[in-house]
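Read the structure below first, then the notes.
Counting starts at 1 for both ligands and their atoms, in listed order.
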Amino acid sequence: MKSFVYYTPTEVVFGPEGEEQVGALVCKHGGSRVLVHFGGQSAVRSGLMEKVCKQLEAVGLKVWMLGGVVPNPRLSMVREGIELVRREGIDFLLAVGGGSVIDSCKAIAYGVPYEGDVWDFFAGKAQVEKALPVGVVLTLPASGSEMSDSCVITREENQDKRGYSTPFGRCRFAVMNPERSFTLPAYQTAAGVTDIMMHTLERYFSREDDMDLTDGIAEALLRSMMKNGLLALEHPQDYRARAQIMWGGSLSHNGLTECGLQRDWSCHKMEHELSGLFDVTHGAGLAAIWPSWARYVYKDHLSRFAQFAVNGMWVEAAASDLEAVALKGIEALEAFFRKMGMPVCMTELLGRKLTDSEIKELAQRCSRDGSITIGSLTVLHREDMENIYAAANR
Ligand code: NZQ
Ligand code: ZN
């Protein structure tokens with residue numbers, strides 16, 4: 001069993017009433033001059049933005065607004081935010097939205113007190129030593145960023161999408177009202193559920209596999225997302241289903257499902273190259289890669305894949321044939337992705353196949369020109385990445 005540190009300092013306020021407390025929460029966590037950061041129009045249309053601003057002003061906070069964060073959030077917006085925050089002496093950042101808005105906020109929080117270029121953190125040239133506090137009003141359960149230590153930003157000049165993790169990435173509070181996810185388009189609901197399951201699986205498929213308590217939590221989380229994901233697609237206003245998905249999103253990426261295990265993250269790394277280059281939805285990109293990754297590595301980890309099949313995917317076990325059980329588990333998750341309307345190959349993701357040179361470029365980027373490997377369950381080199389992209393290129 002791997003030793004671990006479990007650190008989840010985010011104050012979670014879950015349920016519809018939480019929105020009444022946003023102002024008090026910002027005050028409690030030390031804010032007085034607040035930047036409300038948001039995406040397109042979804043939070044304005046739903047009335048959430050007006051409600052949040054009223055709450056902030058009611059407790060005497062001074063408020064600035066910065067909207068326009070796009071999915072796969074851009075470095076240029078982060079730079080704009082840093083400039084605004086410095087100019088106005090803002091001391092608290094409030095993200096109202098999904099993972100892209102939260103990550104844009106986190107990057108602004110890192111950049112404001114840093115004298116160099118904020119991209120240094122994402123390029124591995126510097127570590128965050130100080131950051132502004134960030135709070136969240138979550139509208140999309142998916143990225144888990146509201147409780148994670150990660151932040152993912154795209155530098156648009158060369159379509160580099162890079163993640164950076166630091167304890168400074170943990171939000172001070174997260175207000176989670178499942179009703180806010182009622183308005184999600186079906187595609188975003190499905191992509192969110194996929195991302196949540198993938199955050200669980202990237203940890204579950206671990207070489208260290210003697211922590212059955214963590215396994216049990218992960219397997220229950222997977223089953224819950226499958227059941228409630230389909231319910232939410234069928235009945236978008238099913239509070240019970242939306243609530244389990246929202247809480248599942250946070251638990252899948254706050255560290256709980258990796259206690260005692262070793263992370264893998266191969267599919268995320270390969271997907272980040274896809275959404276960096278082609279600007280696709282992150283969860284959809286994961287669904288398009290995972291089945292090909294799984295079929296590439298499963299033979300070396302038969303008992304783990306068989307356990308996943310039986311405990312996570314409801315596959316009936318015929319213990320004598322581990323390989324058949326393992327394969328059925330992979331097929332079951334692939335079928336679930338399809339059922340939710342997610343792509344499971346490149347043609348379904350991009351509307352066309354990748355060219356040979358695109359496959360090479362993706363693997364080249366993901367391996368940093370062949371200088372790094374990814375994954376820990378099976379360590380993947382540049383050629384393996386090429387093989388997996390090629391296998392998904394149907
Ligand atoms: O911009 P608006 O108008 O708000 O529309 C958004 C956006 O178009 C819409 N949306 C959000 N809430 C809504 C809504 N539409 C209707 N009703 C609502 N309640 O959904 C679209 C997608 O939003 P986005 O924030 O991009 O989605 P998500 O939460 O999936 O975040 C994706 C980003 O997070 C990164 C991904 O790579 C991607 O860049 N990730 C961040 C992680 C982290 N920080 O820990 C981990 C993840 O693995 C992931 O990499
Ligand atoms: Zn993810």
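Nearest protein heavy-atom neighbour of atom 16 (C) of ligand 1: Thr183 O, 3.4 Å. Remark: minimum distance from atom 19 (N) of ligand 1 to any protein heavy atom is reached at Arg180 O, 2.8 Å. Here the protein heavy atom with the shortest distance to atom 45 (O) of ligand 1 is Ser148 OG, 2.7 Å. Among protein heavy atoms, atom 29 (O) of ligand 1 sits closest to Gly99 N, 2.7 Å. Looking at atom 4 (O) of ligand 1, its nearest protein heavy atom turns out to be Ser42 OG, 2.6 Å. Here the protein heavy atom with the shortest distance to atom 12 (N) of ligand 1 is Thr139 OG1, 2.8 Å.
Sorting the N, O or S atoms of Asp195 by how far they are from the Zn ion (ligand 2) puts OD1 first.
A donor atom on one side chain and an acceptor atom on the other are not found under 3.5 Å apart for Asp149 and Tyr7. Using modelled atom types and a 3.5 Å distance limit, the side chains of Ser145 and Asp103 yield a donor-acceptor pair. Checked by atom type, the side-chain pair Ser250/Asn254 shows no donor-acceptor distance below 3.5 Å. Side-chain contact check for Ser104 and His37: at least one donor-acceptor pair (N or O, by modelled atom type) lies under 3.5 Å. Remark: the Tyr298 side chain and the Glu323 side chain contain an N/O donor-acceptor pair separated by less than 3.5 Å.
Atoms of ligand 1 lying under 4.0 Å from at least one heavy atom of Ala142, given by number and element, are 29 (O), 30 (O). Atoms of ligand 1 found under 4.0 Å from any heavy atom of Gly40, numbered from 1 in the order shown, are 1 (O), 2 (P), 3 (O), 4 (O). Short contacts between ligand 1 and His268, defined as distances under 4.0 Å to a heavy atom of the residue, involve ligand atoms 48 (O). Close contacts between ligand 1 and Lys161 involve ligand atoms 36 (C), 37 (O), 38 (C), 39 (O) [criterion: under 4.0 Å to a heavy atom]. Contact atoms of ligand 1 toward Pro71: 7 (C), 8 (O), 26 (O) (distance under 4.0 Å to a heavy atom of the residue). Residue contact check: Ser143 has heavy atoms under 4.0 Å from atoms 34 (O), 40 (N), 41 (C), 42 (C), 45 (O), 46 (C), 47 (C) of ligand 1. Ligand 1 places these atoms under 4.0 Å from at least one heavy atom of His253: 45 (O), 46 (C). With ligand atoms numbered from 1 in the order given, ligand 1 contributes 38 (C), 39 (O) to contacts under 4.0 Å with heavy atoms of Asn72.
Between atom 23 (O) of ligand 1 and the options Leu184, Val96, Val70, Leu140, the minimum heavy-atom separation is to Leu140. Taking only non-hydrogen atoms, the option from Ser100, Gly67, Cys267, Pro73 nearest to atom 32 (C) of ligand 1 is Ser100.
Of the N or O atoms in Ser181, none lie within a sub-3.5 Å distance of an N or O in ligand 1.
The shortest side-chain heavy-atom distance between His253 and Arg203 falls under the 4.5 Å cut-off.
Distances from ligand 1 to the non-hydrogen atoms of His272 include at least one value under 4.0 Å. Assignment of Glu271 to the shell around ligand 1 is not supported, since no heavy atom sits closer than 4.0 Å.
Remark: Glu50 CD is loosely packed, at most 12 non-hydrogen atoms of other residues, nucleotides or ligands lying under 6.0 Å away.
Both tests pass for Arg304 against the ring of Tyr204: distance under 6.0 Å to the centre and angle within 45° of the axis.
Counting heavy atoms closer than 4.0 Å to ligand 1, residue Asp103 contributes side-chain atoms (C-beta onward) but none from N, CA, C or O. By the criterion of a heavy-atom distance under 4.0 Å, the side chain of His199, and not its backbone, is placed next to ligand 1. Contacts with ligand 1 closer than 4.0 Å are made by side-chain heavy atoms of His282 only, the backbone lying farther away.
At a cut-off of 2.8 Å, His282 is counted among the residues with an N, O or S atom near the Zn ion (ligand 2). The Zn ion (ligand 2) has no N, O or S atom of Glu271 under 2.8 Å away, backbone or side chain.
A side-chain contact (heavy atoms from CB on, under 4.5 Å) with Arg242 holds for exactly one of Asn177, Thr189, Asn228; it is Thr189. Met313 pairs in a side-chain contact (heavy atoms from CB on, under 4.5 Å) with only one of the listed residues (Arg223, Lys328, Met226, Glu219), which is Met226.
Looking at Glu361 and Arg365, a side-chain N of the basic residue comes within less than 4.0 Å of a carboxylate O on the acidic one, giving a salt bridge. Ion pairing between Arg180 and Glu19 holds under the 4.0 Å rule for side-chain N and carboxylate O. Ionic pairing of Glu156 and Arg74 is not present here: no N-O contact between side-chain nitrogen and carboxylate oxygen is shorter than 4.0 angstrom. In this structure, Glu383 does not pair ionically with Lys360, as no charged nitrogen and carboxylate oxygen lie closer than 4.0 Å.
Ring pair His301/Phe305 is tilted by interplanar angle, where 30° to 60° counts as tilted.
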